[in-house]
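Inspection log for the structure reproduced underneath, given as structure tokens.
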Amino acid sequence: MKTLLHAIAVMTAAVVKFFFSAPLSYHQFGNNFWQTVLLIAAGGCIGMIVFFLGGARVLEWFRLRRLRKRAHAIARGVSPRRIFTRTNRFIVRLKHGYGIYGLALISPPILSIPLTALLAAKYFRHDRRMLPLLLVSVVLWSFVLSAAWKFTG
């Protein structure tokens, strides 16, 4: 029972902050390299699937809501304005510059799993390669982070 709770704690840590889940597994719970890889890969993949699929639905709901409000405003005679902010331009530049491969390979350890999945769902939800790329990236980073924390700790 205690081992199951430890495994759930490491997997949850992998979902919340992927980068720091390996030291938790090693130092707090005394797991070996393969247990650590398995637990943080499983937790990261589960989190990626949940937040990517759930985020796509939530973002679609927000998009439809925005379109309804815009149509209502146009019906009232208010003309909608498009506002291009510095942040919008920066996001578009990143999206076009790095694309799905950049997001999948760089984001999981730097950003959290939920934030990476939401960004992917926002900009690449229609690309069938995105979710498999994210899952492969999580597994690869699980090996890299487990090895790095194993030899530094």
Side-chain angles (χ1 to χ4, degrees), residues 4-29 36-149:
L4 178 64
L5 291 176
H6 291 175
I8 291 171
V10 172
M11 290 172 70
T12 303
V15 171
V16 175
K17 190 59 182 161
F18 191 66
F19 189 78
F20 294 112
S21 57
L24 175 72
S25 178
Y26 285 131
H27 304 302
Q28 190 70 27
F29 301 123
T36 300
V37 168
L38 180 69
L39 289 174
I40 66 174
C45 287
I46 290 169
M48 196 64 79
I49 290 168
V50 167
F51 283 100
F52 183 82
L53 298 177
R57 288 189 177 192
V58 170
L59 291 169
E60 181 63 18
W61 179 80
F62 275 117
R63 187 184 73 80
L64 293 174
R65 180 175 175 245
R66 189 182 73 240
L67 290 175
R68 280 192 305 269
K69 283 187 172 189
R70 183 177 179 184
H72 184 66
I74 290 172
R76 286 187 318 202
V78 178
S79 63
R81 296 186 315 195
R82 281 192 74 106
I83 300 173
F84 290 102
T85 64
R86 177 179 284 179
T87 305
N88 290 350
R89 287 188 181 109
F90 178 72
I91 289 171
V92 169
R93 197 174 315 129
L94 285 177
K95 177 186 172 190
H96 291 289
Y98 295 106
I100 62 173
Y101 296 107
L103 180 67
L105 293 177
I106 294 172
S107 296
I110 296 171
L111 302 174
S112 64
I113 294 288
L115 189 54
T116 300
L118 287 174
L119 285 173
K122 170 79 173 158
Y123 296 110
F124 301 107
R125 72 178 167 270
H126 298 297
D127 193 335
R128 299 175 77 178
R129 300 172 294 172
M130 192 70 235
L131 187 57
L133 275 172
L134 289 171
L135 297 178
V136 167
S137 175
V138 165
V139 171
L140 291 176
W141 276 109
S142 297
F143 278 100
V144 170
L145 292 175
S146 294
W149 285 106

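All of these numbers come straight from a predicted model, not from anything done at the bench.
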Item to check | Residues that Phe143 engages under side-chain contact (heavy atoms from CB on, under 4.5 Å), provided they are two or more places apart | outcome: Phe33, Trp34, Val37, Val139
Checklist entry - If you round to the nearest 0.5 Å, how far is CG of Leu59 from CG of Leu64? => result 11.0 Å
Next on the checklist: With rounding to the nearest 0.5 angstrom, report the CZ to CD1 distance, Arg70 to Ile74.
Outcome noted: 5.0 Å
Pairs of donor and acceptor atoms involving the side chains of residues 100-116, under 3.5 Å and at least two apart or interchain, shall be tabulated with distances.
{"unit_1": "Tyr101", "atom_1": "OH", "unit_2": "Arg129", "atom_2": "NH1", "d": "3.2"}
{"unit_1": "Ser107", "atom_1": "OG", "unit_2": "Leu103", "atom_2": "O", "d": "3.1"}
{"unit_1": "Ser112", "atom_1": "OG", "unit_2": "Leu115", "atom_2": "N", "d": "3.4"}
{"unit_1": "Thr116", "atom_1": "OG1", "unit_2": "Ser107", "atom_2": "O", "d": "3.4"}
{"unit_1": "Thr116", "atom_1": "OG1", "unit_2": "Ser112", "atom_2": "O", "d": "3.0"}

Checklist entry - Does Arg65 reach the side chain of Arg68, with side-chain heavy atoms less than 4.5 Å apart? => result yes
Next on the checklist: How close do Ala14 and Gly44 get, counting heavy atoms only, and between which atoms?
Outcome noted: CB-N, 3.9 Å
Next on the checklist: To check you understand the geometry: which heavy-atom pair defines the closest contact between Leu145 and Ala22, and what is its length?
Outcome noted: O-CB, 4.0 Å
Checklist outcome for this item: In this structure, OG of Ser25 is separated from CE of Met11 (nearest 0.5 Å) by 11.5 Å
Checklist entry - Among pairs that include at least one residue of residues 11-23, which meet side chain to side chain donor-acceptor pair (under 3.5 Å), considering only residues two or more places apart or in two chains? => result none
Item to check | Set of residues satisfying ring pair (Phe, Tyr, Trp, His ring centres under 6.0 Å) with respect to Phe51, sequence neighbours excluded | outcome: none
Checklist entry - Can you tell me how far the CZ atom of Phe62 sits from the NZ atom of Lys122, to the nearest 0.5 Å? => result 10.5 Å
Item to check | Contact list for residues 45-60, test salt bridge (charged side-chain N to carboxylate O under 4.0 Å, His left out), sequence neighbours left out | outcome: Glu60-Arg63, Glu60-Arg125
Next on the checklist: Restricting to side-chain contact (heavy atoms from CB on, under 4.5 Å), what partner residues turn up for Ala71, sequence neighbours left out?
Outcome noted: none
Item to check | Matching residue for Leu39 among Val10, Leu24, Ile8 - test: side chain to side chain contact (heavy atoms under 4.5 Å, CB included) | outcome: Val10
Next on the checklist: Using 30° and 60° as the class boundaries, would you call the ring planes of Trp149 and Phe20 parallel, tilted or perpendicular?
Outcome noted: tilted
Next on the checklist: Keeping Ser142 on the side-chain end and Val138 on the backbone end, is there a donor-acceptor pair under 3.5 Å?
Outcome noted: yes
Checklist outcome for this item: dist Leu134:CG -> Trp141:CH2 (nearest 0.5 Å) comes out at 14.0 Å
